[in-house]
Q: 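Have a look at this one before I ask anything.
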Protein chains: 2
Amino acid sequence: MLSKTKRLLFEKQAEIAKAIAHPLRIAIVDFLKDGEQCVCDIAEHIGAERSNVSRHLSVMVNAGLLGFRKKGLKVIYKLKTPCIVDFFSCVSDVLKQQVRDNEKLLKAL
Amino acid sequence: MLSKTKRLLFEKQAEIAKAIAHPLRIAIVDFLKDGEQCVCDIAEHIGAERSNVSRHLSVMVNAGLLGFRKKGLKVIYKLKTPCIVDFFSCVSDVLKQQVRDNEKLLKAL
DNA sequence: TTAGTATATGAGCATATAATCACATAGTAA
DNA sequence: TTACTATGTGATTATATGCTCATATACTAA
C-alpha cells in the first residue's frame with residue numbers, strides 16, 4: 001500500500017501536471033520558452049481573451065511553473081523552471097508512438 | 001498568431017498531459033515503472049476500487065501512455081513510453097523550487 | 001452445467017474546470 | 001483632475017471529470 005508521504009507527493013505532482021494540461025497553457029509555455037512576455041502580447045499571440053489568458057497565467061503561477069514581474073502597467077510572465085519544455089519532448093515521443101501504432105493498423109487492413 | 005497545425009499539436013499534447021494529471025494515475029505510472037501489473041494488483045497497491053482503477057487505466061491507454069495484454073482472466077498493463085517517468089524529474093524540480101521559494105519567504109519574516 | 005473471479009462499463013451524482021461578461025484596480029499621461 | 005490602458009477577478013453558465021453502485025462480459029474450474 002502507498003505511504004501517506006507518497007500519496008501527498010502524487011497529489012502535488014498531479015497539481016503541477018494539471019497546470020500544464022490545457023492547450024492554451026501549453027501554447028503559453030511554448031511562447032514563453034523564447035523569453036518573457038506581457039499578458040497582452042501572450043493574448044494576442046495565442047488568440048484568446050485577455051481575461052481568460054490572465055486566469056490561465058495565474059493557474060500556472062500558483063502551480064510554480066511561472067514567475068512574473070510588473071513593469072508599469074504591464075505584468076510580464078516568464079518560465080520559472082525551464083525543464084517544463086523537456087516535458088514536451090516526452091509527450092512528442094508518445095505522439096510519435098501513436099502514429100507508428102496507427103501505421104501498423106493501416107498495414108494490417 | 002498560432003498556426004492551425006500548432007493549435008492541433010497543443011491540443012494533442014494537452015490530452016496526453018491530462019491523462020497523467022491525476023494523483024491515482026501518477027501512482028499507477030509510478031507502480032508500473034517497475035514492471036507490468038494486472039488491474040487487481042494495481043487496485044490493491046494504490047488502495048482504490050477496481051472499477052475506478054479500470055477507468056483510470058483506460059484513460060491512459062486512450063492517451064497512448066499504457067499498453068495491455070490479456071492473460072486468462074487478468075488484464076496486464078504496462079508503460080508504453082518509459083520517458084513518462086522522466087516527466088516526474090521535471091515536476092520534482094518544480095516542487096524543489098517551490099520549497100526554496102517558501103524558505104525565502106520564511107527568512108524574510 | 002453452475003459458481004466464482006477479473007475486468008469493463010452504463011447511470012447517476014457531485015465536484016472541478018473553462019469561458020465570457022461586467023466591473024474593479026492600478027498605473028500612465030495629458 | 002480626467003481619460004486611457006493593462007490586468008485581475010466576481011458571477012454566471014456550460015462542460016468535463018471523477019467516484020460509486022449495479023450490472024455485463026469473459027474466462028476458469030469444478
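Letters go in sequence order (proteins before strands), and every chain restarts at 1. On a predicted model such as this, the values are computed, not experimentally measured, just so you know.
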Q: At their closest point, which heavy atom of B:K18 faces which heavy atom of A:A21, and how far apart are they?
A: N-CB, 3.5 Å

Q: Determine which pairs satisfy ring-ring contact (aromatic ring centres under 6.0 Å, His included) with at least one residue from residues 21-40 of chain A, sequence neighbours left out, and list them in order.
A: A:H22-A:H56, A:F31-A:H45

Q: Short of 4.0 Å, heavy atom to strand atom, which residues of residues 52-61 of chain B count as contacting DNA chain D?
A: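 Those residues whose heavy atoms fall under 4.0 Å from DNA chain D, taken from residues 52-61 of chain B in numerical order, are B:N52, B:R55, B:H56.
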
Q: For DNA chain D, find the residues of residues 29-37 of chain B with a heavy-atom distance under 4.0 Å and give them by number; none if there aren't any.
A: none

Q: Specify the residue among A:K18 and A:S51 whose closest nucleotide of DNA chain D lies further upstream toward the 5′ end.
A: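 Result of the comparison: A:S51.
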
Q: Locate the shortest heavy-atom distance separating B:A19 from B:M60; write the atom from each residue and the value.
A: O-CG, 3.5 Å

Q: Got more than 12 heavy atoms from elsewhere within 6.0 Å of NZ, B:K80?
A: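 Yes - once you tally the heavy atoms of other residues, nucleotides and ligands closer than 6.0 Å, there are more than 12.
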
Q: Got B:L9 and A:I26 here, is their nearest side-chain heavy-atom distance under 4.5 Å?
A: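 No, their side chains stay 4.5 Å or more apart.
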
Q: Donor-acceptor pair, A:S3 side chain versus A:K6 backbone, under 3.5 Å?
A: yes

Q: Backbone N or O of B:R50 within a donor-acceptor pair of the B:S54 side chain at under 3.5 Å?
A: no

Q: Given atom CD1 of A:I76 and atom C1' of D:dG8, what is their separation to the nearest angstrom?
A: 16 Å

Q: Determine, using the 4.5 Å side-chain heavy-atom cutoff (strictly less than), whether B:V59 and B:L32 are members of one ILVMFWY cluster.
A: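 In one cluster with B:V59: B:L32, no.
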
Q: Over all heavy atoms of both residues, which pair between B:A63 and A:V94 is shortest? Give the atoms and the distance, please.
A: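 So the two residues come closest at O-CG1, 3.6 Å.
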
Q: To check you understand the geometry: which heavy-atom pair defines the closest contact between A:I46 and A:A27, and what is its length?
A: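 Between these two residues, the closest heavy atoms are CG2-CB, 3.8 Å.
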
Q: Going 5' to 3' along DNA chain C, which nucleotides are the first and last within contact of chain A (any atom under 4.0 Å from a heavy atom)?
A: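 The contacted stretch runs from C:dT17 to C:dT28.
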
Q: When you check the side-chain N and O atoms of A:Q97 and A:D101, is any donor under 3.5 Å from an acceptor?
A: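 Side chains of A:Q97 and A:D101: pair found under 3.5 Å.
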
Q: Between B:D41 and A:H22, which is nearer to the 5' end of DNA chain C once each is assigned its nearest nucleotide?
A: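 Its nucleotide being nearer the 5' end, the pick is B:D41.
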
Q: For nucleotides 3-6 of chain D, tabulate all protein N/O to nucleotide N/O atom pairs closer than 3.5 Å, reporting atom names and distance.
A:
residue	atom	partner	partner atom	Å
D:dA6	OP2	A:R50	NH1	3.3

Q: Could you tell me whether B:D30 and B:R25 make a salt bridge, using a distance below 4.0 angstrom between a side-chain N and a carboxylate O?
A: no

Q: Could you tell me how far apart B:R69 (CZ) and D:dA26 (C1') are, to the nearest whole angstrom?
A: 17 Å

Q: To the nearest angstrom, how far is A:N62 atom CG from D:dG8 atom C1'?
A: 13 Å

Q: Under 3.5 Å, which donor-acceptor pairs link side chains of residues 36-43 of chain A to any protein atom two or more places apart or in another chain?
A:
residue	atom	partner	partner atom	Å
A:E36	OE1	A:R69	NE	3.3
A:E36	OE2	A:R69	NE	3.3
A:E36	OE2	A:R69	NH2	2.5

Q: Regarding A:F68, tell me which of base, sugar-phosphate or nothing describes its non-hydrogen contacts under 4.0 Å with the strands shown.
A: nothing

